[in-house]
Amino acid sequence: MHHVRVLVDAPHHAGVDAGFDYLSEQPLALGMLVRVPLGRRTVPGIVWPVAGDARIAPAEFKPIADVLRAVPPLTAAWRALVGFAAGYYQRSPGELAMAVLPPELRRLDSVQLERRVARLSSGVATGASQRPASAPALTDDQGVAVAALAAAAPGPFLLHGVTGSGKTEVYLQAAARALAAGRQVLFLVPEINLTPQLQERVAERFAGHRLVSMHSALTPAQRLRSWLAAHLGHADVVLGTRLAVFAPLPRLGLIVVDEEHDPSYKQQEGARYSARDLAVYRARLETVTVLLGSATPSLESWQRAQVGAYKRLVLPRRVGGGVLPQVRVVDMAAVPQRSGEQTVVSPALHEALRDRVARGEQSLVLLNRRGYAPVLHCSACGWKSGCPHCSAWRVFHKVDRTLRCHHCGLSERVPRACPDCGNLDIHALGRGTEKLEEQLALLLPGARIARIDADSTRLKGSLEAQLAAVHGGDIDILVGTQMVAKGHDFRRMTLVAAVNPDGALFASDFRAPERLFALLMQAAGRAGREAAQGAASEMWVQTWHPRHPLFAALARHDFDAFAASQLDERRQAGLPPFAHLALLRAEAHEAARATAFLHAAAERAAALPQAKGVTVYPPVPPPMARVAGVERMQMLVESASRTALQRMLAAWSPALIEIGKQKAQRVLRWALDVDPLAI
Ligand code: ADP
Ligand code: ZN
Ligand code: ZN
């Protein structure tokens, strides 16, 4: 009988990170998928290297229940990636490994899995009969980038290309090289349903190869099929969202991370990993090239490129000589305001929209707030539509006359009168996309107006249908949130307007300006993509702060200048990428309890020898302090050195687990977020 160590799904606080010990009749390769008895259940597991002593005597080792021989063992590279990610993000490797494997794989026994695998290899069309779409002649800039990639040793590259510069073509050429060498390509995108065009382009270009997608909208059966195709080496291209960074790829040859700055690459619950950062780590681990692409790179990646850790590739021009839209900044202070109501659309923008409609061109009007109005208000007693469970207003949705909390989901019919004083005259304050749509319809009679936001696209297929209407030219004006600002290749759009972007200028989060700049640059990128229209295309920004440097840089399409000024500020303030952060969050029914947990945690941190060079800040409430009746508090941990921070977190983590179990400091939930996106 052979001793095997098996990793199972157990959280960090269970204290069994190293796995459990079992017996097997045959020796089992590391990375083999198995099922093992645990307590009274049989659970999935992975054969893992033995680290540390067995927790029970060998005589008590139980036999392995089942070995999933239908699939080869997970490779050493995969295990190294999972091991690293677990350590870096302070999770248990077993929990992380199980979270990134397809749910079906954890459920099936060896017989069921064998059947699935057999079904997979029979009857699957390879697509080899289709003729691949031919590649266009590269632009000079693309040619330089592709040649640089081909000539260089594997490593990380930052592809900085303005919107419409043809970044995708560079990805495709790099992918073609990898495929020609018999390697697999991992293609990461932020949100798959927002980029159906990209999927089509990849599929068309590589029609002779097998493409699978991997994202959370797949059915469990589809997810298993994609995973098996990747792991068995049948799939040549895996196109997926952040979880695909863990796809097992025995022949991995290239990783592409499109829109690398996008916040969706950061997982926001469980193991809070950054798929972008893990992609870079994985590429180094497997000695392959990783290509990070964006028109507005994250300042982290930008800084890495500045210091030469990433090689920089630049596409400074639009394909076909198209010019970037002209930016028009409207000073709202100079716009005459009607009494009571704030002007939504300045007269100049109104006229520009009217001209576009008359010429049969499309416009995009952006407002990053859905619903009709962010709050209802009683002018007699001052009542506002607050959420009883959250520190947020409930948003007025006119279509179904509800007041809805966007944080806990509480939804009620709009009261006929003020609940506090009975006054019948309650009115909407501010404006969301619903109201903007309504007001535009009044301003532009006859124009075909559509709205795309999280509300209008709730039904399956509705986003696709709405996008098709835009592409088909059935829409004159599209109103939307950031959902429509990125990625889409709208060919008839000649005007993009941000009607009220000011909120982000003074937000408390230090990344707010970076995100606003990226959003506006991306949005501007939706206009004038057809070279013939480029000269006439415009990006409008309505603001009360027209002289803000962010808008000045935007007007010049000058990402470099914006990045330089932001990096200066970050350097002076000691913020990322010049410092490294972790955030300890705690949730409890009373804020005092959450605070007590954090205080206890801080005390333990102060006692750690590894805390040298690491600063632990006092607990503070986050911007959304109360959600669904639960109070949140958070505590920032910072160091100029990533290594110092990592060393401290590793030492601190067991202490946190211990505190979390003590009655006096018990909280509902606590979590450590390493490299948090927002603080
Ligand atoms: P980006 O991702 O940089 O915004 P895309 O990759 O979407 O830009 O390219 C913009 C448009 O230019 C697309 O319609 C694409 O088909 C086209 N395009 C890209 N490269 C070329 C080329 N070398 N020749 C002709 N058209 C190209
Ligand atoms: Zn009232
Ligand atoms: Zn709520």
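All residue numbers refer to positions in the sequence shown, counting from 1. Everything numeric in this text was worked out from a predicted model, so none of it was measured. In listed order, ligands and their atoms are each counted from 1.
- The number of protein N/O/S atoms found under 2.8 Å from the Zn ion (ligand 3) is 4.
- A salt bridge is absent between Lys167 and Glu259: the closest approach of a Lys/Arg side-chain nitrogen to an acidic carboxylate oxygen does not fall below 4.0 angstrom.
- For ligand 1, the atoms closer than 4.0 angstrom to any heavy atom of Thr139 are 23 (N).
- Residue Val162 places a heavy atom under 4.0 Å from ligand 1.
- The contact set between ligand 1 and Thr163, taken as ligand atoms under 4.0 Å from a residue heavy atom, comprises 4 (O).
- Both the backbone and the side chain of Ser165 come within contact range of ligand 1, each with a heavy atom under 4.0 Å.
- For His160, the ring pair (Phe, Tyr, Trp, His ring centres under 6.0 Å) partners at least two apart in sequence or on another chain are Trp302, Phe559.
- Note on residues 377-387: no pairs pass salt bridge (charged side-chain N to carboxylate O under 4.0 Å, His left out), not counting sequence neighbours.
- Taking only non-hydrogen atoms, the option from Ala137, Ala135, Gly143, Gly166 nearest to atom 22 (C) of ligand 1 is Ala137.
- At a heavy-atom distance under 4.0 Å, atoms from both the backbone and the side chain of Thr168 approach ligand 1.
- Ligand 1 places these atoms under 4.0 Å from at least one heavy atom of Leu138: 23 (N).
- For the pair Arg526 and Phe490, the cation-pi criterion (under 6.0 Å, within 45° of the ring axis) is not fulfilled.
- The shortest heavy-atom distance from Arg201 to ligand 1 is under 4.0 Å.
- Ligand 1 lies nowhere less than 4.0 angstrom from a heavy atom belonging to Gly161.
- Taking distances strictly below 2.8 Å, the protein N/O/S atoms close to the Zn ion (ligand 2) are Cys378 SG, Cys381 SG, Cys418 SG, Cys421 SG.
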